[in-house]
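What you see is a predicted model, and the numbers here were worked out from it, not measured in a lab.
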There are 2 protein chains.
Amino acid sequence: MRPREFDHDDVLRIAFDQFWRKGVRGTSLSDIARDAGVQRGSLYNAFGSKEALFLCAYERYASEYLGSVQKALGSGTLRKRLTAFFDLTIKNFRSGSPPRGCPTTRGLMELASVEGEGLDESARKTFADLVARITDLVQEALSGGVKRGEFNGDPGTAALHIVTVTRGLAVLERAFGDEAQLRKIARHTIDLVLGGAGR
Amino acid sequence: MRPREFDHDDVLRIAFDQFWRKGVRGTSLSDIARDAGVQRGSLYNAFGSKEALFLCAYERYASEYLGSVQKALGSGTLRKRLTAFFDLTIKNFRSGSPPRGCPTTRGLMELASVEGEGLDESARKTFADLVARITDLVQEALSGGVKRGEFNGDPGTAALHIVTVTRGLAVLERAFGDEAQLRKIARHTIDLVLGGAGR
DNA sequence: AAAAATATTTGACATGGCGTCAATAATTGA
DNA sequence: TCAATTATTGACGCCATGTCAAATATTTTT
């Protein structure tokens, strides 16, 4: 059979970059094809549809992103680790100029119409993964030195709350665009989560 | 001059309903025109462009929404009022079937490309208004019976945090779609904000 | 080595959306 | 009554998505 003349991964990276900058609906396959030096038809042949291409590109990004989160959460006190998580998150969707926002959030909202079921599944996994990692973090801290009673409810709920805040930040960032404010909210959230520790 | 043959407000309501259900980019002016019994050209004559029409429709909605928030925050203890706020918010973006999500958040994310500057302004105002109302609420409670020291930082930061959570909920709702979970996060947030009061 | 099989590339095409424009129609005011 | 003004209407250009058949480049088979 005839070998393909372009690298799938290259195209996915290029496509994701455009999707992230201009949104899924705001990016045409012609744009991507031109940027990637590929014929538009080849993209259809390789991926089937624009939404399918976005999905592939998104999943490639998501695994990379989750990996970097994993790394950032490395070690240190709970406060330090949570701070690192918020820092990474804010830095991630403040990257580029103008800032490009949170890809998962943007994609999810943009495709959350009748049809956009493919990304729902994928975004759910991303969020679930984040919640799981933060839950582990909290549990680990609890079984370590951190005193119980500084958390309201179970670690899972705390993690859910934290991930919710990060996604809220992704939204506010689009509205206000003020990084200092985002950091303030992040710090405040950590203070709340760590109970009296930071007051 | 010739009188127009349709009611602006009717069209805005119909348009907003479609935008909310199918997204801005997923809704065509032909759809709206058909639904409203108006020619497509008339919409361009009256509003200028699809984005401008969306903006008008959004602003009509936003003032209605802020009014209902105002009402819901009416009276009672701070906990009761915050609970009412979360309830209204969740109920709002769980309305319809399937749930239609938060219009401000969806619109903001969808149009947050290079050009979408019109809605940025409008959404910023909506969020700023929400933050201001919640700030007032907290300040009122503080000058009333509620003890100081149950809040971390100033009331403004607390309000910002709360609004951030509601927007995070709008995102998670799209991913998980589980209303019970949203309520759990809301309750948890209130518990955190009210310090030791609810523990 | 030649031919068959198979997958990719390519360009043409159909469909549908946005936005513009000139022509037409319906009022109001002089 | 007629001019001025604004709304409506339908045709048009442009661009996007997605489909299809023809052409092309390999690998495998004979």
Within this structure, what is the [atom1]-to-[atom2] distance between [X] and [N], rounded to whole angstrom?
X	N	atom1	atom2	result
A:Arg25	C:dC18	CZ	C1'	14 Å
B:Leu29	D:dT9	CG	P	15 Å
B:Leu53	C:dC18	CG	C1'	13 Å
B:Tyr44	D:dC12	OH	C1'	14 Å

Basic-acidic side-chain contact under 4.0 Å: A:Glu179, A:Lys184: no

Could you check whether A:Arg133 pairs with A:Asp136 (Lys NZ or Arg NE/NH1/NH2 to Asp/Glu carboxylate O, under 4.0 Å)? no

Taking salt bridge (charged side-chain N to carboxylate O under 4.0 Å, His left out) as the cut-off, I'd like each qualifying pair that reaches into residues 156-169 of chain B, sequence neighbours left out, listed once. none

Expected output: side-chain A:Glu110 to main-chain A:Val24 donor-acceptor under 3.5 Å: yes

Give me the ring orientation class for B:His161 and A:His161: parallel if the planes are under 30° apart, tilted from 30 to 60°, perpendicular past 60°. tilted

Under 3.5 Å, which protein N or O atoms sit close to an N or O of nucleotides 9-12 of chain C? Give each pair with its distance.
unit_1, atom_1, unit_2, atom_2, d
C:dT9, OP1, A:Glu5, N, 2.5
C:dT9, O5', A:Ser42, OG, 3.4
C:dG11, OP2, A:Gln39, NE2, 3.2

Can you list, pair by pair, the side-chain donor-acceptor contacts under 3.5 Å of residues 86-93 of chain A, counting residues two or more places apart and other chains?
unit_1, atom_1, unit_2, atom_2, d
A:Asp87, OD1, A:Arg183, NH1, 3.0
A:Thr89, OG1, A:Phe85, O, 2.8
A:Asn92, ND2, A:Tyr61, OH, 3.1

